[in-house]
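Everything on this sheet refers to the single structure shown next.
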Amino acid sequence: MIKTLQLFWIATFAATSSFAAMTNDFSDDFQAAVKFFSSGKNEEAHSAFMRLAGQAPTPRSKAEAISYSALSLGKQKKYDKAIEIAKTIEITAVSIKCRMELMLANLKEKELIAEFMDEEMDEWPEALITSGFYLRGQAYMRLKNYRAALEDFEQAARNACDRDELVNALLSLAGVA
């Protein structure tokens, strides 16, 4: 019995150590891919993030990798392919946020509002609520629907998780008001 327990703990430790090493490697590779993205190396970023999506240790990290991959395609003016990839993101809020970003970057405000006008963003994960309201508010503002923009920017400000989100929401709110 003792020998079995020892083998169990050794196997558990080995698996945990292996997972920790894999997570560290993923994190390092993710940061390297973000550098490609930030420096405008969008083809390299797209490839790196798609590769990372296949080895992501969590559903959230997979969603983020696919999101960056789609945004990289968007920067390459491959809008339709980017939207297609964004739709494959399994975490609904991340998928919608990514598609909203792509739509705004490609001046597709009408499409954004048509698709996401009734989206219940206050039910999203807390870290994404502000982004959702802010992005939709931007679309409303560009379409000169200032009342709807005000409502979304107010929601973005109310749900802000950090100072930068709050400042952006308040500046947009003031700009529309």
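In this chain, numbering begins with 1 at the start of the sequence shown. Quick caveat: nothing in here was measured; it's all calculated off a predicted structure.
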Contact check, side chains of Lys97 and Leu135, non-hydrogen atoms, under 4.5 Å: yes
Any heavy-atom pair between the side chains of Lys87 and Ile89 that's under 4.5 Å? no
Inspect the surroundings of CD in Glu111 and state if more than 12 heavy atoms from other residues, nucleotides or ligands are less than 6.0 Å away. yes
Quick one: does NZ or CZ of Lys108 land under 6.0 Å from the six-membered ring centre of Tyr79, within 45 degrees of the ring axis? yes
Smallest heavy-atom separation, Trp124 atom then Glu119 atom, equals NE1-OE2, 3.0 Å
Of all heavy-atom pairs between Ala139 and Leu112, which one has the smallest distance, and what is that distance? CB-CD2, 3.7 Å
Give the intermediate values and the outcome of side-chain contact (heavy atoms from CB on, under 4.5 Å) for residues Glu115 and Met103. CA-CA 11 Å; Glu115 191 167 346; Met103 289 172 172; 3.2 Å; yes
If you define the side chain from C-beta out and look only at heavy atoms, does anything of Ser61 sit under 4.5 Å from Phe26? yes
Looking at Glu64 and Arg60, does any basic side-chain N land under 4.0 Å from a carboxylate oxygen? yes
List the atom pairs, with distances to 0.1 Å, where a side-chain N or O of residues 66-78 and a protein N or O form a donor-acceptor pair under 3.5 Å, not counting sequence neighbours.
{"unit_1": "Ser69", "atom_1": "OG", "unit_2": "His46", "atom_2": "ND1", "d": "2.7"}
{"unit_1": "Ser72", "atom_1": "OG", "unit_2": "Tyr68", "atom_2": "O", "d": "2.8"}
{"unit_1": "Gln76", "atom_1": "OE1", "unit_2": "Lys78", "atom_2": "NZ", "d": "3.4"}
{"unit_1": "Gln76", "atom_1": "NE2", "unit_2": "Asn42", "atom_2": "O", "d": "3.2"}
{"unit_1": "Gln76", "atom_1": "NE2", "unit_2": "Ser72", "atom_2": "O", "d": "3.3"}

Is the gap between the ring centers of Tyr140 and Phe153 under 6.0 Å? no
Greater than 12 external heavy atoms within 6.0 Å of Glu90's CD: no
